[in-house]
> 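After the structure tokens below, expect a handful of questions from me.
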Amino acid sequence: MPYSPLPRSFYDRDVVVVARELLGKLLVRQVRGRLTVGRIVEAEAYLGRGDPANHSYRGQTRRNTSMFGPPGHAYVYPIHSRYCLNAVTEPAGTPSAVLLRAVEPLEGVAAMQRRRETEVLRDLARGPGRLCEAFAVDRALDGYDLTLGRELWIAEPDAPAAPCETIVTPRIGVTSAHDLPLRFALANCPYVSGRRSLMPLGAGPLGAPARRGGRGAR
DNA sequence: CTACCGATTGACT
DNA sequence: GTCAATCGGTAGA
């Protein structure tokens, strides 16, 4: 069966492991029988304990209730007139989650272009707010069960894409815990957000050529 | 009720 | 590179 959803056991593990392993998986959205699919190329872990950047750091509120629930559900929150999509991880009571920051558009590109009001592939789902717009994810999906395979889920790709190097960096946009390397992304992937040159894990300071202003494809 | 502030984006120097 | 629009969530009076 194509695009069968990852089981709950996938999410019921350490949030950092889940974040890393979500790279390369497929984000699938179904609206009125139409599929929108993208390959996850960037994700961030938000720890269930001792992470001041996590919305749950100061306890449970109306907004972050989904994070306190069982793993394998969505945590969707609004910010700056946009939405951000997370996958809740670890057992219920441990408020950890993985923020999906970018996907490579694969299927349903026309729908994404319509929702995003741009034709530019690279701009369809690069960044958490854009991703939600492209995939028609809003507050109605907060708490939604990602293992059902009906409206929104994550699937294993049929044929794994060419092996890609993973880079690890601090999380983008957070105002605390800058030191924690909890952002994971595919190296040299044009669909990854962020503005800095990205250093492959384990590469020396001068080992990796920084990508400069050139836009490449358009 | 008011005040402050982002897990952002897009426009601009 | 820098910057502010924008609005719901949260805390506090």
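What you see below is based on every heavy atom in this structure, not just the backbone, and it leaves out hydrogens, waters and symmetry mates. Every value quoted in this text rests on a predicted model; they were computed, and no experiment measured them. A, B, ... follow the sequence lines: proteins, then strands. Residue 1 opens every chain.
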> To the nearest Å, give me how far apart CD1 (A/Ile172) and P (B/dG6) are.
17 Å
> Look at A/Arg82 and C/dC7 and indicate whether a side-chain polar atom (N or O) is within less than 4.0 Å of OP1 or OP2.
no
> Taking CD from A/Glu133 and C1' from B/dT9, how many angstroms apart are they, rounded to a whole number?
10 Å
> Within the structure shown, what part of the strands sits under 4.0 Å from A/Arg130 by heavy-atom distance: base, sugar-phosphate, or nothing?
sugar-phosphate
> Send over the distance from A/Tyr83 OH to C/dT6 P, rounded to a whole Å.
17 Å
> Looking at A/Thr61, does any N or O in its side chain come under 4.0 Å of the phosphate oxygens OP1/OP2 on C/dG9?
no
> Where does DNA chain C form stems of at least three consecutive Watson-Crick or G-U wobble pairs, each pair having both distances below 3.5 Å?
B:1-6 with C:7-12, B:8-12 with C:1-5
> Please give, in whole Å, the distance from C/dT6 P to A/His80 NE2?
13 Å
> Whole-Å distance between C/dT10 C1' and A/Gln60 CD?
15 Å
> Considering every strand and a 4.0 Å limit on heavy-atom distances, what is the contact class for A/Arg63: base, sugar-phosphate, or nothing?
sugar-phosphate
> Quickly work out the A/Tyr77 OH to B/dG6 C1' distance and round it to whole Å.
9 Å
> Base, sugar-phosphate or nothing for A/Arg126? Non-hydrogen atoms, less than 4.0 Å.
nothing
> Mind calculating the distance between OH (A/Tyr57) and P (C/dA11) to the nearest angstrom?
14 Å
> Using the salt bridge (Lys or Arg N to Asp or Glu O under 4.0 Å) rule, collect all pairs that involve residues 49-61 of chain A, keeping only residues at least two apart or in two chains.
A/Asp51-A/Arg171
> Whole angstroms only, please: what is the CG-P distance between A/Asn64 and C/dG9?
12 Å
> Assuming nearest nucleotide by heavy-atom distance, tell me which of A/Ser81 and A/His55 is located more 5' along DNA chain C.
A/Ser81
> Would you please test A/Ser66 and A/Asp142 for side chain to side chain donor-acceptor pair (under 3.5 Å) and show each step?
CA-CA 7 Å; A/Ser66 296; A/Asp142 182 38; 2.9 Å; yes
